[in-house]
Amino acid sequence: MAKIYADEFTTQHRERLQQLINTELLVEMPHSQMLQLDENVRQFVANLLHEHELGLSEILKLRITDIKTGLEQLQLAVENRDMSALQRGAYRIDKQLREILLQLEQDFHAIQAIAERAKSADEKMPLTRRYREVLEAFDRYVEPMNDLMDTGAGGNFYPLLEHTERVLESLGEQLAIQGSLYNHQLMLRQVGFRVKELREKGLSTLKHATNTLMPLREEVRRNDKLSCVISYLIGEVRKKGLQRTFPLDILPVWRKERANAIYVGSELLNLMEQVRGYEPKTVEFPDSLAKDSSLLLEQINPEEIQNHLYQSLPVADLMRWLLENYAHYQDITLLRLYHKLIRLPNISVEPENAQSLITLKQIKLQLHSHALKSL
Amino acid sequence: MIIDLKILSQLQTLFKKLSSGSHLNRLEEPEIWVDLETHLQQYETLFSELGFALIFDLRGFAYFKNDSASSHTSKITRRLALFFLLLFEYQADNGLHLVQFQQWRVDNVLIDKLCQNYHAIFEAEDIASAANLKEILDSATRIGFAVFENGAFRLLPAVHRYLDLFEELAQANRSDEIAEESQ
């Protein structure tokens with residue numbers, strides 16, 4: 001008091017103390033001048049201080065030895081039929097069990113908090129720092145706990161609990177046979193229940209801790225392994241080059257099955273192949289036919305014939321004149337000439353009265369031939 | 001085995017995606033993923049009858065396994081492998097969590113830094129500039145290894161294929177070396 005409130009007087013110190021006592025924060029010890037903190041308050045403060053601290057399994061070990069001595073005490077008490085010693089022993093074990101339970105509860109929360117801190121920490125924070133707490137917690141807490149809770153021969157704590165349970169049961173039976181007070185039997189049974197509870201709680205806490213921390217720890221391990229692998233491969237790439245470090249047959253590959261590009265189809269390729277070996281086919285044209293002179297038009301020189309006619313005027317019978325001079329022409333040509341010549345200008349044309357019959361090459365003509373005179 | 005095509009509601013979309021060579025990622029296309037996961041056996045049978053080997057990875061991606069690749073693809077995949085190697089190395093140097101690569105933001109700043117840091121090694125592979133790196137990432141995006149959003153790339157679970165490869169390769173190489181040393 002004097003240290004904290006150095007500038008105050010003794011009377012003021014007394015007043016403050018009295019206040020604390022009145023609010024029952026401090027309790028006067030019987031038969032002495034000393035004061036002590038109220039037990040509840042003390043525990044509460046202690047819990048506050050240790051809330052995030054993992055109850056070390058070392059402490060658990062100490063408690064184990066205490067429980068062991070408690071058990072011995074119980075056995076002795078039953079043998080000696082010392083009921084007050086029995087009560088003391090039971091109380092001793094019970095107290096330890098309760099504290100262990102409380103501690104497990106705290107550990108549960110502490111581990112949860114550690115995991116959450118690690119997960120929610122700034123992801124830019126280096127991984128080793130982020131997960132350091134997790135790794136430490138795992139090494140310092142989960143592993144020793146694992147050893148302690150080992151249900152096999154290697155375990156320390158779990159077999160002890162089983163042993164305690166058995167001892168308590170047999171003691172309870174003995175008491176029942178001895179016909180002791182029901183109260184005492186009840187007390188032992190309660191301790192027995194608490195042992196069972198603790199056993200389950202211990203296992204579940206451990207399981208929970210492992211489940212929470214193990215994935216994180218594995219993550220860190222995988223991370224370390226991966227970064228190791230990657231730096232090794234980069235070294236290889238630097239040394240041997242990319243192509244030799246990553247042979248194609250092991251790299252992930254993919255292929256587009258439905259191509260958007262247009263490829264030359266097989267039909268077209270066939271066609272192109274055919275074109276490459278193309279030879280032109282020779283087609284035989286038919287020979288030109290022999291000229292059929294009878295069907296063709298004859299070449300005549302009408303002007304010459306006209307002039308010939310003018311000179312031969314007068315002509316008594318035009319058809320006969322044509323036959324005399326141009327009989328080698330075809331019938332049709334002669335007839336055309338005939339019609340053309342009677343229409344010539346500067347000529348008077350008189351048809352004859354008498355009808356004459358003239359035989360040409362292919363036809364016979366019956367006509368009134370014309371006589372021509374110059375005008 | 002009788003496959004009721006009516007219950008494979010995402011068949012068309014799924015096949016379109018996978019047969020284009022792309023990866024299906026759980027978080028990107030949850031609807032298709034759920035359908036695939038529920039009717040996995042039917043899908044697997046159907047695809048294998050069609051000549052496709054469906055690989056379904058519980059880490060959240062699926063794809064058609066393919067052994068032959070075009071020359072373009074083989075170039076891309078090798079470059080992607082190099083890019084992932086260097087990206088992961090860089091991130092590990094910065095203390096980042098490698099397994100949580102899906103949370104990284106691969107933006108221009110990061111790409112530039114990679115380019116500077118590993119200039120020599122990139123140049124040896126004809127990747128001279130940040131633009132080249134972005135091209136690689138663009139191809140990765142088309143195949144389903146990454147996604148581009150809010151101006152930055154984000155890696156997708158399919159990248160595990162490369163990580164698995166790295167581990168496998170390192171292990172194989174190491175055992176080779178050990179064998180050589182012991183001889």
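Below, read A as the first sequence line, B as the second, and so on, with proteins coming before strands; counting in each chain starts at 1. Given the structure is predicted, the values throughout are model-derived calculations rather than measurements.
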Undergrad: So, is the end of the B/Arg105 side chain (NZ or CZ) under 6.0 Å from the ring centre of B/Phe153 and within 45° of the ring's axis?
TA: no

Undergrad: Taking 4.0 angstrom as the limit, do B/Glu37 and B/Arg26 come out as a salt bridge?
TA: no

Undergrad: Side chains of B/Tyr63 and B/Asp57: is there a donor and an acceptor less than 3.5 Å apart?
TA: no

Undergrad: Could you look at B/Leu86 and say if it's the side chain, the backbone, both or neither that has a heavy atom under 4.5 Å from chain A?
TA: both

Undergrad: Checking heavy atoms, do the side chain of B/Tyr90, its backbone, both or neither come under 4.5 Å from chain A?
TA: neither

Undergrad: Examine whether an atom of B/Phe84 lies under 4.5 Å from a heavy atom of chain A, and if so say whether it belongs to the side chain, the backbone or both; otherwise answer neither.
TA: neither

Undergrad: Hey, which of B/Ser74, B/Ser22, B/Ala120 has the most heavy atom pairs under 4.5 Å with chain A?
TA: B/Ser74

Undergrad: Using heavy-atom distances under 4.5 Å, tell me whether B/Asp93 contacts chain A through its side chain, its backbone, both, or neither.
TA: neither

Undergrad: Against chain A, label B/Glu167 side chain, backbone, both or neither, depending on which of its atoms sit under 4.5 Å from a heavy atom there.
TA: both

Undergrad: Quick one, B/Phe47 with B/Leu11, criterion side chain to side chain contact (heavy atoms under 4.5 Å, CB included). Give me CA distance, side-chain angles, the key distance, then yes/no.
TA: CA-CA 10 Å; B/Phe47 289 148; B/Leu11 177 62; 4.0 Å; yes

Undergrad: Within the distance-only criterion (no hydrogens, no angle test), does the side chain of A/Asn223 pair as donor or acceptor with the backbone N or O of B/Leu98 below 3.5 angstrom?
TA: yes

Undergrad: B/Thr73, B/Ile143, B/Leu80: which one forms the most heavy-atom pairs within less than 4.5 Å of chain A?
TA: B/Ile143

Undergrad: Considering only heavy atoms, which portion of B/Ala92 lies under 4.5 Å from any heavy atom of chain A: side chain, backbone, both, or neither?
TA: side chain

Undergrad: For the pair A/Glu236 and A/Lys240, find out whether any cationic side-chain nitrogen is under 4.0 Å from an anionic carboxylate oxygen.
TA: yes

Undergrad: Measure distances from B/Leu85 to the heavy atoms of chain A and classify the residue's part below 4.5 Å as side chain, backbone, both or neither.
TA: both

